[in-house]
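Proteins come first, then strands; the chains are lettered A, B, ... in the order of their sequence lines, and each starts at number 1.
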Amino acid sequence: MSKVFESCAEAVADIEDGATVMVGGFTGRGTPSQLLLALREKGPKNLAIVRNDASGGWKNPIDVDILIEAGMVRKVITCFAVFGSPKKVSLLERAAMDGLVEVELVPQGTLAERIRAGGAGIGAFYTPVGVGTEAAAGKEVRVIGGREMILEHALKADFSLIKAHRADTLGNLVYRMSARNFNPIMAMASRTTIAEVENLVDVGGIDPDEVMTPCIFVRRIVPTGKVA
Amino acid sequence: MSKVFESCAEAVADIEDGATVMVGGFTGRGTPSQLLLALREKGPKNLAIVRNDASGGWKNPIDVDILIEAGMVRKVITCFAVFGSPKKVSLLERAAMDGLVEVELVPQGTLAERIRAGGAGIGAFYTPVGVGTEAAAGKEVRVIGGREMILEHALKADFSLIKAHRADTLGNLVYRMSARNFNPIMAMASRTTIAEVENLVDVGGIDPDEVMTPCIFVRRIVPTGKVA
Amino acid sequence: MIIMGEMMSDEIMARRVALELSGDCFVNLGIGMPMLVSNHIGTGKQVMFQAENGILGVGPRAEPGMEDKDLGNAGDEHVTVSAGASFMDSATAFDMIRGGHLDATVLGAFQVSEKGDLANWKLPGRKLGSYGGAMDLAAGARKVIVMMKHVTNDGLPRIVRECSYPLTAKNCVSLIVTDIAVIKVVDDGLELCETAPGWTPAQVQQLTEPPLIVRNVSSWPLSVS
Amino acid sequence: MIIMGEMMSDEIMARRVALELSGDCFVNLGIGMPMLVSNHIGTGKQVMFQAENGILGVGPRAEPGMEDKDLGNAGDEHVTVSAGASFMDSATAFDMIRGGHLDATVLGAFQVSEKGDLANWKLPGRKLGSYGGAMDLAAGARKVIVMMKHVTNDGLPRIVRECSYPLTAKNCVSLIVTDIAVIKVVDDGLELCETAPGWTPAQVQQLTEPPLIVRNVSSWPLSVS
């Protein structure tokens, strides 16, 4: 069965109400905007989103915010909820204040590691990050190697929407520059990973040493070309 | 200060008695044989070695076994201690039976993850691997996500001896094919990582997207050329 | 004492195991006998083999003279890679395994219990053994297929009530392919599914410690032997 | 009320911070004011900047017209990379940070306590904030340098006995560079090391909540201002 889909709409057609969805990208770089637009069009409700910088202030106009705006999101797990001037209220913060969206704030490295753990079959891990802060609230604390650490659990999702620079038709992926960010780890952490790709090449078109996400982690590919 | 050393002897000159040393490679591929030869020559005692396949049976003649044979090793943390025919007694097993070397046997994926955790500042993690077996003896068991898991701790070392296919003079590394294996994670897990490299290029000679071990993890490089 | 049939060869067992690997799947073959399975994948199947030393897409063995010093599988054989292969470090190779991304693994075994416990890493009474990646594969792959001779060199059953050998993982095996039978681990025990040519269910039972459930036994497909 | 000197500009603070970054080191600059530091690294120093979105070796900002859509820092600025740079995923970027591989980080702050506690991610009373990578950097970098204005817009001290703002990490700051002073976190409290031109220790103390240890105060190096 071919992994290559003709349109983003087909690729996201089975994302239903209540799904947990990871979305790659950082400040718009490596963000699967075309898949997000298709998901908004499809319109499932009560989504839980896992995302580095959900909401506001960066220059990229098409991001998870379009789903929040459309009232499709019930929860966001993220590390950025407020941007730029600390006094500016973001779309996400507004939705949270209105009781429309629940926000779980996670330190960025812990977010990355929880996602990786989800993909790697690790149940939970101890990290020194966040000890003695709000990020540790309600979490188990243990001294390991003389240092206080908190227990953090793996994150998994039903779908990951990611973006890659290059793919072969088997689903091997290569990212470019700082557009890599959360995409490779999110590719591992979901039941179904859908990649929007700028360039599609034949099998054999990527040197095995250069593959950044092996095809085992990718279920669907949509060639979208370069989108500004 | 340049990271480039002229000889393996200089590069390992400060590995002293009692040091913990990680050694990359898998069945000889990616094994830093030249550094191991230099270390045997230097001759520190009571070393603790962390290594995938310490001891015996593979085709590669120059491996951690040469240090065990020389009586320099007090402990080996590994996942292979017996090879090929289960009835054959390996050098390591013989040394263990004679009470000369302590062996800590670790499942291979747990070994890799413990090394990665050491490099990544993760104190410990829960894994389902080994539950209900000798590998779980004395370890905490906890149910996470409905599955029994055991707690495994990070591994760190004083030195990592690794091998790469290509390096620039800053210490950025590229590995080739299945010679990558444990080398990238060991590079992260030690205070001092020493890389034996087949090809040395100028800074700028490696595409930033192709770097597999960023230079921050590497302290010393020894260009040794290709050794069979 | 009853007259037994002939034990199937390793190659025939490998052919039988290969039938279990359906199209478009990712599979790790354990060191030793399981590695034979890769030679028997039918055409039209898109099976990709993983090697835990960091290869997804292991191909056939390298032709003599064509070996690459940096390219070998976890059993130290010179191999090639198939189109669309990728290399990765050991941590990522085991993320794949532990994370449940492999559809199946084929492992050798010393013993399998009636609950699907697996013992394949150490001989009893021996000071040391080798875990290798077996514990990870047994705990992580979606389906664990054991490929082993039905009895030991001394004629003792390897399919037992309780493993007397040190365990690799509990309750992990789904299917056992031996040189005389195919046995499925089901909720209520071990179900005999197929017998090799020349073998009756009673004969297989004779060489098996726990009672086998016999509901619908067929003969090993002719294409295999 | 005593007459105060003039507050130093952000650029001058950045120049003072840059002096703390010795040759051959790896440094992460927090989003905002700390990013200015990269413009002031002296020649002969081999400082490599990390960006937590996956760059080791961040270079100067991209010239207008030369921006690459895939290349930006964690603060969404179009940047370039220096020779010997590398890209990595977010997990690896934070392995570097959490694993103690960075020699230093320079972070902005709302408040720093006399024990070196840092608060820089959320305003009190506000529903949400942004951790970004600050908690990771504060916990993981070998040296945490805070770069901030000495007082709030309302003239209140930012260097306090106890942080009233939500904490980023406890006991993590080693050095505070403000627009009027350089203060070191030492075992017995906060030691005033340098004052900016026109400022006396007494004047700095006036704008600082906890008592400053005054042992050997020098003037801010002339090269800086």
Side-chain angles (χ1 to χ4, degrees), chain A residues 29-30 107-110 112-131 139-157 164-166 173-181 183-185 189 206-214, chain B residues 29-30 107-110 112-131 139-157 164-166 173-181 183-185 189 206-214:
Chain A
R29 294 182 178 84
Q108 192 167 162
T110 301
E113 192 66 11
R114 289 178 65 192
I115 294 167
R116 181 190 170 277
I122 299 296
F125 56 88
Y126 289 96
T127 171
V129 175
V131 169
K139 289 176 187 161
E140 182 188 318
V141 180
R142 179 184 294 216
V143 176
I144 297 178
R147 196 162 181 201
E148 279 189 316
M149 303 211 180
I150 56 176
L151 183 64
E152 294 280 1
H153 284 79
L155 280 174
K156 289 182 170 196
H165 177 59
R166 207 146 46 100
L173 304 183
V174 174
Y175 311 93
R176 186 168 172 272
M177 299 185 166
S178 56
R180 192 181 321 183
N181 56 69
N183 288 303
I185 48 176
I206 303 178
D207 180 334
D209 268 325
E210 285 179 28
V211 171
M212 297 177 188
T213 291
Chain B
R29 294 183 177 82
Q108 191 168 164
T110 300
E113 192 66 12
R114 288 177 66 191
I115 294 167
R116 181 187 170 277
I122 298 297
F125 56 88
Y126 289 96
T127 171
V129 175
V131 169
K139 288 175 188 161
E140 181 189 318
V141 180
R142 179 185 296 215
V143 176
I144 297 178
R147 196 162 181 200
E148 279 189 317
M149 303 210 179
I150 55 176
L151 183 64
E152 293 280 0
H153 284 78
L155 280 173
K156 289 179 170 200
H165 177 59
R166 208 144 47 98
L173 303 182
V174 174
Y175 310 94
R176 187 169 170 272
M177 297 184 167
S178 56
R180 191 180 321 183
N181 57 68
N183 288 302
I185 48 177
I206 303 178
D207 179 333
D209 268 324
E210 286 179 27
V211 171
M212 297 178 188
T213 291

Asks: What distance do A:Thr110 atom OG1 and B:Ile122 atom CD1 have between them, rounded to the nearest 0.5 Å?
Replies: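 The distance works out to 7.5 Å.
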Asks: With respect to chain B, which residue among A:Ala117, A:Gly123, A:Gly121 yields the maximal number of heavy-atom pairs within a distance under 4.5 Å?
Replies: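 Heavy-atom pairs under 4.5 Å are most numerous for A:Gly123.
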Asks: Can you confirm whether A:Asp209 sits close enough to B:Glu210 that some side-chain heavy atom of one is under 4.5 Å from a side-chain heavy atom of the other?
Replies: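 Of all side-chain heavy-atom pairs linking B:Glu210 with A:Asp209, none is under 4.5 Å.
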Asks: Where on A:Arg176 is there a heavy atom nearer than 4.5 Å to chain B: the side chain, the backbone, both, or neither?
Replies: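 Both parts, backbone and side chain.
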Asks: When heavy-atom pairs shorter than 4.5 Å are enumerated against chain B, which of A:Tyr126, A:Tyr175, A:Phe125 gives the highest number?
Replies: A:Tyr126
Asks: Which residues in residues 149-157 of chain B have any heavy atom closer than 4.5 Å to a heavy atom of chain A?
Replies: B:Met149, B:Leu151, B:His153
Asks: Got a second to check how far B:Asp207's CG is from A:Met177's CE, nearest 0.5 Å?
Replies: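 So the gap between those two atoms works out to 8.0 Å.
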